[in-house]
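Comments concern the structure below.
Being a predicted model, the structure only gives us computed values, none of them experimental. Whatever order the structure lists ligands and atoms in, that order sets their numbers, starting from 1.
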Amino acid sequence: MENHVNIQFAATALLLLILIARFGAGQYQDYAYKYAPRLRFDSVEGSGDRCFPQSAESYYEARKSGNTDRLCNLDYDTVAAGSVPTYWHAEVCGYHLHIAYWNFYGYNHDCDCCSGERDAWFESLVVKIRDYSLDERLHEVRFSQKKGWYTRVPGHYELVSDTHPVAYVGKTQHGYYHDDGGTGTCCYYEDYRNPSDVDQHMDTWSNLVRFDNSSAWMTDPTTDVWNGINSPPFRDDWDLCALNGCTGGYLWGCSTCGCHKSDIGEDPF
Ligand SMILES: *[C@@H]1O[C@H](CO)[C@@H](O)[C@H](O)[C@H]1NC(C)=O
């Protein structure tokens with residue numbers, strides 16, 4: 001009899017623990033999956049040192065163990081099969097839920113004959129779910145590229161399967177744009193992004209990893225591993241409630257001019 005009660009007690013406690021753990025880790029996770037972007041790549045991505053995303057953790061571990069090789073993922077199969085993670089975190093801002101999705105690239109190729117290449121690059125897309133608990137709807141989407149960003153409202157970006165925004169990925173610099181095109185220079189909107197019939201893409205919801213401080217790279221504030229840049233948790237745009245709509249000029253030029261394509265200007269995101 002006493003054993004029976006103990007087992008029941010243990011089972012109840014275990015169930016509670018599982019529920020608590022699930023709630024902690026799973027907070028906002030359903031939203032993260034539902035609104036995760038599809039990345040569309042240029043038709044020549046995967047050739048000539050034009051890399052697909054890869055695991056930031058593996059890159060970090062390789063550098064930490066002294067590997068100085070170029071680490072560039074040219075294997076589309078890894079992307080198509082969902083074995084490359086996209087990292088996310090979420091923040092409630094008033095009635096709204098902001099979710100940021102981050103990808104890591106091991107190498108950026110030159111964007112013209114001879115400039116722009118570097119090792120290690122993070123790129124992000126942020127979605128705003130308005131009234132997420134009462135009247136949930138995807139609204140603004142913030143696309144980041146190079147040193148800038150801009151924000152689009154519904155109808156001004158593409159969706160797949162109703163809830164997943166589409167980001168076109170620059171061929172060499174891996175910026176995220178709401179449209180395809182480009183003329184193949186280093187100017188702000190000109191990195192090529194022509195998926196063509198090849199249609200290489202990555203459905204990021206097939207492999208999402210939360211920024212949960214569970215692996216060393218997520219909590220390391222140093223920048224040498226990343227060739228001088230900060231990893232996402234240590235960047236100015238980590239606080240998702242403090243974002244604005246765009247940066248850079250409103251006139252379309254070669255230098256940073258994100259505001260040219262922003263539907264909300266520089267207003268708070
Ligand atoms: C990760 O660590 C940072 C710094 O200590 C903390 O602010 C943040 O809340 C942690 N994130 C999670 C998901 O635990």
Is there at least one protein heavy-atom neighbour under 4.0 Å from atom 2 (O) of ligand 1?
yes

Are H174 and N108 linked by a side-chain donor-acceptor pair shorter than 3.5 Å?
yes

Carboxylate-amine/guanidinium contact K146 D191, below 4.0 Å:
no

Can you find a protein heavy atom under 4.0 Å from atom 5 (O) of ligand 1?
no

Got a donor-acceptor contact below 3.5 angstrom from the R118 side chain to the A120 backbone?
yes

For atom 11 (N) of ligand 1, which protein heavy atom lies nearest, and how many Å away is it?
N213 ND2, 3.0 Å

Considering only protein heavy atoms, which is closest to atom 13 (C) of ligand 1, and at what distance to one decimal place?
F211 O, 3.6 Å

Are any of the protein's heavy atoms under 4.0 angstrom from atom 9 (O) of ligand 1, yes or no?
no

Pair R50 + D42: basic N to acidic O under 4.0 Å
no

Any donor-acceptor pair under 3.5 Å linking the side chain of H201 with the backbone of D199?
yes

